[in-house]
Asker: 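Take a look at the following structure, please.
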Amino acid sequence: MAEQWIKPYGDTQDDGRVQLSFTLPVPLDEVSKEGARRLALAMGLDEPAVVHAEDMGQGFSFYVLYGQSKHRIDLSTIQVAKPEFEVLDKEGVNALIAEKMGRKMVVVGACIETDAHTVGIDAIMNMKGYNGHKGLESYHEVRAINMGAQVDSEELVARAIEERADVILVSQVVTQKNIHLDNLTRLSDILEAEGMRERIILVVGGPRISHELAKELGYDAGFGPKSYAEDVASFAINEWIKRKAA
Amino acid sequence: MAEQWIKPYGDTQDDGRVQLSFTLPVPLDEVSKEGARRLALAMGLDEPAVVHAEDMGQGFSFYVLYGQSKHRIDLSTIQVAKPEFEVLDKEGVNALIAEKMGRKMVVVGACIETDAHTVGIDAIMNMKGYNGHKGLESYHEVRAINMGAQVDSEELVARAIEERADVILVSQVVTQKNIHLDNLTRLSDILEAEGMRERIILVVGGPRISHELAKELGYDAGFGPKSYAEDVASFAINEWIKRKAA
Amino acid sequence: MAHLQLDQARIDRARNSARRIAGRVFDDMDRSTTTTVERATLRLMGIDGVDENQVPLPNRVVDHLQEQGLLNRGAALAVAAAMNEQGWTAQQVAEAVAAGRLVLDGGGDDTAARNTADALAAQSCEHIAAQRAQRAALIGNSGENGEVAQPWLYLIVATGNIYEDIKQARAAAEQGADIVAVIRSTGQSLLDYVPYGATTEGFGGTYATQENFRLMRAALDEVGAKVGRYIRLTNYCSGLCMPEIAAMGAIERLDMMLNDSMYGIIFRDINMQRTFIDQFFSRMINGYAGIIINTGEDNYLTTADAVEAAHTVLASQMINEQFAYLSGLAPEQMGLGHAFEINPELENGFLWELAHAQLVRQVFPDASLKYMPPTKHMTGNIFKGHVQDALFNMVSTVTQQNIHLLGMMTEAIHTPFIQDRFLAIQNARYVFGTMRDLHSEIEFKSGGLIEQRAQAVLAETESMLAEIERIGLPSAIAQGMFAEIKRTATGGKGLDGVIAKAPGYYNPFPKRMLQGGPRHG
Amino acid sequence: MAHLQLDQARIDRARNSARRIAGRVFDDMDRSTTTTVERATLRLMGIDGVDENQVPLPNRVVDHLQEQGLLNRGAALAVAAAMNEQGWTAQQVAEAVAAGRLVLDGGGDDTAARNTADALAAQSCEHIAAQRAQRAALIGNSGENGEVAQPWLYLIVATGNIYEDIKQARAAAEQGADIVAVIRSTGQSLLDYVPYGATTEGFGGTYATQENFRLMRAALDEVGAKVGRYIRLTNYCSGLCMPEIAAMGAIERLDMMLNDSMYGIIFRDINMQRTFIDQFFSRMINGYAGIIINTGEDNYLTTADAVEAAHTVLASQMINEQFAYLSGLAPEQMGLGHAFEINPELENGFLWELAHAQLVRQVFPDASLKYMPPTKHMTGNIFKGHVQDALFNMVSTVTQQNIHLLGMMTEAIHTPFIQDRFLAIQNARYVFGTMRDLHSEIEFKSGGLIEQRAQAVLAETESMLAEIERIGLPSAIAQGMFAEIKRTATGGKGLDGVIAKAPGYYNPFPKRMLQGGPRHG
Ligand code: B12
Ligand code: B12
Ligand SMILES: Cc1ncc(COP(=O)(O)O)c(C=O)c1O
Ligand SMILES: Cc1ncc(COP(=O)(O)O)c(C=O)c1O
């Protein structure tokens, strides 16, 4: 592919302009201000300007800077990991499940461990859905079981076994101190230990989740913001068909 | 001096958190979003997250990111150039001029070349002053001549000669495309050509002016935001005394 | 002042329904106690500390009593009896039980045990009253008075580490915060014990422990003295240990507590009976300690739509108000919660926010209303978010709210960084200052859209409360009438901690703390 | 609608003073012409292009006539006479003069020359009228009508490079801009000629050239068709070449022009007589071309204090209004300027902004008010700045302004980056949408602080105008009554371009462009 180098844009092609703000854990003075400027230099910003500097009390100070990024990126070299499937609408998904599986697809979902943010998983699973996109409960050919908030991984796996689930959907919203990584790893370890991992389609979603991250964690797919039921359902049936064929 | 390494601070010492925003000159898609993230990586930010990405139309897209700066700065190594003098109040300045010069100090000021932003130079020179700090016109021992906006460098120098000025004050506010650097260089070249440079105390001020920059340009001092008449007057008489002694 | 024409008779009818709804729940629940009520009782009687497995001694004793089948007469009696018998302090009794050196059998002279329990309770109440008096003194000294610029600026810290929290809280106070809330670690609400000691490892918040309370209280007193204001400290009196946290907060002079009669049921799937019993006892402690409670109606709007569900907020506030009266709280201690959560894309959304906030203000003229910032519709666009917060600030000052939780432009991203808080305070101070007297300078058009909206919400509230009165609060919750979440009377966590009281059950605190008995609203 | 009680008699008295002030200046100035008025006349007659030194041919011809002592009879006559004599076009005459091949001597038949000039003027006016009609047609097609959501969003581009400007202007239009203004390069206002061709090297703005106008017009027409709106184009009809820019703008279908009767005098130290003559002629062209002028009172508040000097804004608007009537403008073409420039730290500053904006709205109910964002009190704190802009947006919608110049959070830092503009539009759209009907839903307390403030400003305006009427406008300016800047009648740049008209002076445009003669306000 042809190279496609780009830089940030302020008001002229390749001027590289970026805006930056941060706090330094020192009171404001000329030295700390210069320190802020040097940090920007270290980040590879040319002609960085501290356009605002303010003391915050208790030994902290706040800075706003603008500078010109030296860095540029060749977009043509970027490959974004994406789950490969065609997004069908609800009817399309139902038809495909009926055709290929000949039975309902069983989907068990939950917010696991300490996470209690159910709005995201509800958006995917509950009848009502989100932003006008109906949830999985409204799909004829899906049996959707939403276990809700703060479900222990063990409990989720037990339920998946009990229901003979095809798909597990996990939601993780709290990411502070990377707690979601611990939680997600824990779940996949348990599945592994139960010998379930191969049999299940394992999907995670949440505002800070990307497909790439999900793959790294050993999940089959990851869905970020603005995902809807049809996205995950299309992925799931697609993956089911692929595995069946393999 | 003891080393004093610091990093930006979000909510924990040395977490390095910084906020970043910029535009890329490409439409929004998964690749451009990843491009934005890689730019942050290139700047030395760990775990950069694109927390907002929005298409702006016409082939541009906007990004907000947070990341953790790898870079740190040792504040103890930073020396900030500062004009060395004690800031006196108006009475102190008047007394010192009377004592040491035995005549009024003559100060000619202007916004030079295309720059018409007089509020800054007026703040320093006009009777009324700024933020409760009276201007040079109100100093008994100063003859202050404010030539106003868009004054050609030649005109300013001619006037300085005519008035036998001790000090020239220049204000530069417009900095787009670094036009202030051109203007300031032009003025000092003319002074040089007239053989005036040694005889005059040459001072520049403006919102993007630092003492460091002024020195680089061959000026005697530079004053940034929140400067007042007493700062520049104290510097000027101090410098006058120093030169006299030399 | 800006004022809406509202039908007072309608307000009265709604309030009467709420009174009967709360009264009925109270009567039903008065027959049981809970493990955490008993642990709170023991804490107030002076039992603290953990065993070698970090299990708190109040848990060890209460578990022991449960095993012995004695908890239904109240933990206070059994412990007091052992004290009398052994000549020990309550703490010594607890340590002996934990060490397996002592088995409590409920034996001994009941009257003597009661007296001992009463004496400890009196001592405990004295301490709490002294803390309350000190708060009043500190507020008095700081020169704060009725004329202090309202609304109070309420900020959260949530680093997970109490020492970082302290740093940030101090900075926030210097920057202008009036109230600092330490957010709890994700998941603490479902722990059936209270962690112990200073903690540095929370997720999305810092554990609520008595030591953490103490450390933060001291830090805020110190910075408060420096800035010449009394800085109020807030924590979460919520979850499976609500009464214990109330006890700890009363002892350590917290000033505000998140404390809702239904939040745990709806948002944490805690059993209904457990919650109602716990909230009554915890709220009583808060009332006695002079603590302002903050109710959680704002949360409804994070799952339900803020326009469609506006009346559920008001209905819930009325129920919370009546539960508060039952626990002895004065109106000024009622930080009834609501929020600015309408979709920013909705045309005229700002008008509806004004209508809702003003309605609540007029229905509860003496309450210390707690107004929550936009959260659900905040996005990663921090610039737009900062403007959403500015409009929220504006509604708050125009409708004269009391407790103003500062919105963070990074709401959709992370728990606040120090600069987020700094900028949020600047935002609010700017808006409050530049609009200082706006509230008394503008009027809502009589019969206009704003007034009509407020009247409509009030009417819906009245019918909702009438319906709840008809079916009872548990059924209403079971039907998902709040936050679109359904919970049943026997579902949820913590039902195993609900214990029917036996004849002779004794707890020395209610009669002291409720002095004049439950108030009536 | 929100409404203030104002004394109409006071408004009438102030307006009458302003009428007499403007009339007197007009009568005094009608005796002279200026070099740029004559160059504009030649441009309208079809002369364009530059010589080998990049000097525009209109300048070459006018300089030549000045040398020949012929300019005082008007450039049109001399050129038309030469056309008649040589059988050339105006352009051919100009080229010959520039090449030194032709000396204009003013000889020939005056009546024939007048007829030729009249014919060219008629043709020129036809072209301008056709442009005006096309604007109307394009607006009609776009479906825009009286009900379009006001205020119009006005954005600036200022890259210095017309091609970058076009990129940014297109993006801005897609994002929702209704008006795009191309800021001029720093210093162009003091050039005594208009640069030529497409330019890519400006500082803080892009040169105003006819080619740049044309390029931008075409780009905006194209993107306008795409987004289904007519995008208005604005430039600066200001400085030493005001009339020529008006001519170029009329020819290229600009829609708005910054055009003030005193701005150049005060802020660019341009001679007073020069400015008054130029502004009359340029404004006449704008009037005829259906262009909305924007006056510059907002600038006063960048040097003077916005509270203390509020009445100087209103007084100046009244004078600008009367000058506009004298040049034949309709009220809808009067974009009278004012600004949101009160110090954000001032307690109740927002109330005074509301009072000022509403006062102006009521005094000029039919004008297309131009409301300018905070600039002076913007700082490098972009976050706080974004909130300042939000409150400005709010005052604009509540007081129903017409032309809304978007505030940029980076105002104190740089001319706008593309993202600054994007975020500014988001800010305004959010505020305008969420407060859609707020203007008709709130009322200002009768006799309250806001109303009192408006009344006080009106009273001060009346006395200021009475005083100016007494001493005359030139003396008022000499005393620094506007923006605290003093200018004398014979000081400033460009006085050498003022030429007393000789008997027989002729200009073919006023009688065509002023059709019904000067209007009366
Ligand atoms: C609503 C809310 C709550 C509600 C939750 C109610 C409920 N029943 O869910 C309440 C008030 C209870 C709450 C509490 C807390 N919250 Co909260 N909360 C939010 C808030 C405001 C909105 C989240 C939301 O509902 N978004 C809307 C949904 C639809 O979006 P979504 O989750 O991204 O889902 C979409 C996609 O991500 C995807 N998706 C999500 N999951 C899945 C799963 C699958 C399988 C798929 C395919 C797709 C998918 O599809 C969805 C639709 O497109 C956010 C801030 C914000 N504006 O984002 C904070 C926020 C998430 N909360 C936060 C925190 C810290 C907490 C607390 C821990 C605070 C405390 N200590 O008390 C508590 C405890 C909760 C707990 N134990 O987890 C932080 C998290 C910080 C971080 N990054 O770690 C946030 C960001 C706020 C903040 N800035 O501090 N919260
Ligand atoms: C007021 C103003 C104007 C007024 C100026 C009126 C006047 N008589 O000065 C008007 C409306 C005329 C104007 C016009 C333009 N402006 Co202007 N203007 C501003 C504004 C809003 C405020 C500047 C100001 O007065 N600050 C207050 C003074 C007191 O601060 P100060 O200058 O920094 O001065 C202090 C210190 O710096 C120092 N100091 C300054 N000078 C000196 C000198 C000495 C010797 C010393 C010791 C100290 C000193 O002491 C002062 C007091 O502490 C700024 C935006 C902003 N908020 O900053 C834009 C701004 C400066 N303008 C800008 C531009 C581009 C223009 C125009 C070129 C736009 C155009 N193309 O039309 C025009 C043309 C002007 C020209 N030819 O120069 C840009 C500059 C961008 C850049 N960095 O290059 C800004 C930043 C706005 C923007 N974001 O686009 N402007
Ligand atoms: C009443 C109440 N309790 C508690 C919380 C906090 O949640 P958690 O249950 O995780 O402590 C909230 C949150 O807003 C609340 O409103
Ligand atoms: C009427 C008017 N003309 C012109 C300008 C722009 O300045 P300049 O004179 O540099 O073109 C302004 C600035 O706001 C203005 O208000």
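Numbers restart at 1 for each chain; the letters A, B, ... are given by sequence-line order, proteins then strands.
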Asker: Using non-hydrogen atoms only, which part of Y66(B) is less than 4.5 Å away from chain A: side chain, backbone, both, or neither?
Answerer: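 Contact with chain A involves no heavy atom of Y66(B) at all.
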Asker: Keeping H71(A) on the side-chain end and A42(B) on the backbone end, is there a donor-acceptor pair under 3.5 Å?
Answerer: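 Looks like yes, one N/O pair under 3.5 Å.
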Asker: Among G16(A), G35(A), S32(A), single out the residue with the greatest number of heavy-atom pairs under 4.5 Å to chain B.
Answerer: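 Counting heavy-atom pairs under 4.5 Å, the top option is G35(A).
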Asker: Test Q19(B) against L20(A) for side-chain contact (heavy atoms from CB on, under 4.5 Å), laying out the working first.
Answerer: CA-CA 6 Å; Q19(B) 174 271 326; L20(A) 208 63; over 6 Å; no
Asker: Under 4.5 Å from any heavy atom of chain A, what part of L45(B) do you find: side chain, backbone, both or neither?
Answerer: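 Side chain only.
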Asker: Quick check for you: among V51(B), D14(B), V31(B), which has the greatest number of heavy-atom pairs under 4.5 Å with chain A?
Answerer: V31(B)
Asker: Can you tell which part of V80(B) gets under 4.5 Å to a heavy atom of chain A, answering side chain, backbone, both or neither?
Answerer: side chain
Asker: Measuring from atom CG of L41(A) to atom CD1 of I73(B), what distance do you get when rounded to the nearest 0.5 angstrom?
Answerer: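 Result: 8.0 Å between the selected atoms.
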Asker: At a 4.5 Å cut-off on heavy atoms, which part of R208(B) comes close to chain A: side chain, backbone, both, or neither?
Answerer: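 For R208(B), the side chain is the part near chain A, not the backbone.
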Asker: What residue, out of E30(B), R38(B), E47(B), has the most heavy-atom pairs lying under 4.5 Å from chain A?
Answerer: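 Sorted descending by pairs with chain A, the first entry is R38(B).
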Asker: What pair of heavy atoms forms the shortest contact from T12(A) to K177(B), and how long is it?
Answerer: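 Of all heavy-atom pairs spanning T12(A) and K177(B), the closest is OG1-NZ, 3.9 Å.
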Asker: Is there a side-chain contact between P8(B) and L39(A) (heavy atoms, below 4.5 Å)?
Answerer: yes
Asker: Of the backbone (N, CA, C, O) and the side chain (C-beta and beyond), which part of R17(B) lies under 4.5 Å from a heavy atom of chain A, both, or neither?
Answerer: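 Looking at R17(B), just its backbone touches chain A.
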Asker: With no hydrogens and no angle check, just 3.5 Å: does a side-chain donor-acceptor pair link E34(A) and Q79(B)?
Answerer: no
Asker: Chain A: which of S21(B), P207(B), A40(B), G10(B) shares the most heavy-atom pairs with it under 4.5 Å?
Answerer: S21(B)
Asker: Where on V26(B) is there a heavy atom nearer than 4.5 Å to chain A: the side chain, the backbone, both, or neither?
Answerer: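 For V26(B), the side chain is the part near chain A, not the backbone.
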Asker: Examine whether an atom of K70(B) lies under 4.5 Å from a heavy atom of chain A, and if so say whether it belongs to the side chain, the backbone or both; otherwise answer neither.
Answerer: neither
Asker: Given that the side chain runs from C-beta out, which part of N178(B) has a heavy atom under 4.5 Å from chain A: side chain, backbone, both or neither?
Answerer: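 Side chain only.
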Asker: Where does K7(A) contact chain B at under 4.5 Å (heavy atoms): side chain, backbone, both or neither?
Answerer: backbone
Asker: Take D11(B) and Q176(A), measure what side-chain contact (heavy atoms from CB on, under 4.5 Å) needs, and give me the verdict at the end.
Answerer: CA-CA 11 Å; D11(B) 68 357; Q176(A) 232 207 1; 3.8 Å; yes
Asker: Need one label for S69(B): side chain, backbone, both or neither, based on atoms under 4.5 Å from any heavy atom in chain A.
Answerer: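 For S69(B), the contact with chain A is made by the side chain alone.
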